[in-house]
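Along the sequence shown, residues carry numbers from 1.
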Amino acid sequence: MLGIQHCEGAGLALPALLPLLGDFDREVAQQARDALMIRGKEFKKNLIPLLQRIRREGPGLQHAQALSVLAALGGEPVLPAKDVAAVERPIRVKLADGRPAALWTCWNYWIAVPSGDQVGIISTLGLTDSRPVTVALGNDIVDSDGQDAEPGTHDGFTRVFVTPELDGWTFVLGAWCDPCDAERSEDVLRLCTLLSSRYGRAQAYYYGAQGDGSAWLVTEQGTVIRRYCETGDGDDELLTLGDALPFERTRREELGLQPVWDPALESEDDADEWKWAAFDLAPEIAQSLGGSPLSIGPESFSRGVGVIALTPYGIVHGVPAGTYRI
C-alpha cells in the first residue's frame, strides 16, 4: 500500500483497497485509508460513488474508515444526510461542556476585538453561514486549511473560526486574517479599521510558531496606529505604517538599540538583531495590548459558542474537504 501512494498508476489499484478498509488488522485498515486519502483526490470522481455505496449498503466493517475517506475526498457535500447528522450530534454534546484552550497552530493568523458581540463582528467582517463548533474543531479546521492549501488557490482563505467571548475578547482565526499577506493585507487593514470604528479597538496578527516571523496591525477609533511585518520577506518594509508601539520601543532599548529608528540608516548588525527579536514578538505584543488566543486556558472566562463561518472567498470558491478533530 505504501507503494500505491507513490505509484503513477495508482488510479487503477485504488478501488482494490476498499475491502481492506474493513480488515481485522487495524494497521492494514489504517494504511488502506491513508493511501485512499493521499492518492484518492486525483481519482475522487470514481471513488466517491463506491465509498457512498459502502456507507449505504456495507459491509459494516468498512463503514467507519469509508466515512473518513469520503470526508477527506469530498467533504460534507458528498456525505449522506444521516452521516452529517451523526457528526453533528457529538459536536452539540461537547459544546455543552466545552472549556477554553489555547488556539495554537504552526502558522497563526487572527483578528482580535475587545468585545463579546460575536454577531456584530461577523456582520462587520461580511462573514456568512456560521455554524457552531467546538474550540478543538474550529482550531483544527483553520489549521488544516492553512497547511493544506495548494499554491495558487484560495483554499486557505475560505473560512474562519470565530471564538466565543474569551476574557472579554472575540478572536477570528484563519489565514484570511493575515495582516501581511500580499493578497489579504489591505483588506485586513480595512476590516480592522471598520471594527475599531465600532468597538474602539481592533488588531490583526501573524505568528509563525516555527520561526517564520511575526506581523501586527493595531487600529483604534477607525485609525491605523501601527502595522509592522518581520517575516523575512524582502517586501516587509513596504507594509510598515505608523510609529513604533511602546512595547517595540521598550524591547529595542532592552536590546541596546535606539527606540526610534530609520531602517535605511540602521547598521546591518542592529537590523539583524532587531529582525530576529521581532520574529517572535507578535504574541507578546498581543498580550500587552489586552489579549491573545495563544494565551487562553481552561481558567479563561468564556461566554457563548464558537462558530465556523464562510468568508467571501468561501462563497465563491467553496471550502476544501478534510477530516478534523471534534
Side-chain angles (χ1 to χ4, degrees), residues 1-95 98 105 129 131-150 153-156 158-159 161 306-308 310 314 317-326:
M1 279 182 285
L2 293 177
I4 289 177
Q5 294 182 20
H6 306 285
C7 175
E8 291 186 6
L12 298 175
L14 286 173
L17 297 182
L18 294 175
L20 296 180
L21 293 174
D23 198 278
F24 287 105
D25 186 324
R26 181 176 297 181
E27 185 174 348
V28 170
Q30 290 176 344
Q31 287 181 358
R33 178 201 63 194
D34 293 345
L36 286 162
M37 286 180 171
I38 293 170
R39 294 307 308 273
K41 293 179 181 179
E42 303 170 48
F43 310 99
K44 60 185 179 181
K45 287 185 178 180
N46 294 328
L47 287 172
I48 284 174
L50 300 175
L51 291 160
Q52 289 172 325
R53 182 185 303 168
I54 292 173
R55 291 298 299 170
R56 288 194 309 268
E57 303 172 8
L61 290 174
Q62 299 173 26
H63 269 183
Q65 301 288 12
L67 178 59
S68 296
V69 179
L70 256 184
L73 298 187
E76 185 176 327
V78 304
L79 297 180
K82 66 177 183 179
D83 286 337
V84 174
V87 170
E88 290 178 339
R89 277 195 294 273
I91 294 176
R92 289 195 298 269
V93 170
K94 292 195 174 189
L95 281 174
T105 65
D129 195 25
R131 303 174 67 177
V133 293
T134 64
V135 169
L137 177 55
N139 197 48
D140 202 35
I141 287 174
V142 296
D143 184 22
S144 296
D145 286 356
Q147 293 202 50
D148 297 341
E150 294 290 337
T153 72
H154 298 97
D155 286 354
T158 60
R159 50 190 170 179
F161 174 44
V307 300
I308 282 288
L310 296 186
H317 301 286
V319 299
T323 56
Y324 314 102
R325 288 186 309 118
I326 296 176

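- In this structure, Val142 and Asn139 approach most closely via the heavy-atom pair CG2-O, 3.4 Å.
- Listed here is the closest heavy atom pair of Ser68 and Arg33: CB-CD, 4.1 Å.
- Ile141 contributes atom CD1, which lies 13.5 Å from atom OG1 of Thr105 (distance to the nearest 0.5 angstrom).
- Interatomic distance, Met37 CE to Leu47 CG, rounded to the nearest 0.5 Å: 12.5 Å.
- Applying the side chain to side chain donor-acceptor pair (under 3.5 Å) criterion to Arg131, with sequence neighbours excluded, gives Glu76, Glu88.
- No option in Leu70, Leu67, Val69, Leu18 other than Leu18 meets the side-chain contact (heavy atoms from CB on, under 4.5 Å) test with Ile54.
- If you take CG on Leu20 and CG on Leu61, they are separated by 12.0 Å, rounding to the nearest 0.5 Å.
- Distance check: His63 NE2 to Arg56 CZ gives 10.5 Å after rounding to the nearest 0.5 Å.
- For the atom pair CG (Asn46) and CG (Leu51), the distance works out to 11.0 Å, reported to the nearest 0.5 Å.
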Go through Val133 and Phe161 one step at a time and tell me if the side-chain contact (heavy atoms from CB on, under 4.5 Å) criterion holds. CA-CA 9 Å; Val133 293; Phe161 174 44; 3.7 Å; yes

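- Put simply, CD on Gln65 and CG on Leu17 are 12.0 Å apart, with the number rounded to the nearest 0.5 Å.
- Residues Arg55 and Ala66 approach most closely at CD-CB, 4.2 Å, considering heavy atoms.
- Between Leu36 and Leu21, some side-chain heavy-atom pair lies under the 4.5 Å cut-off.
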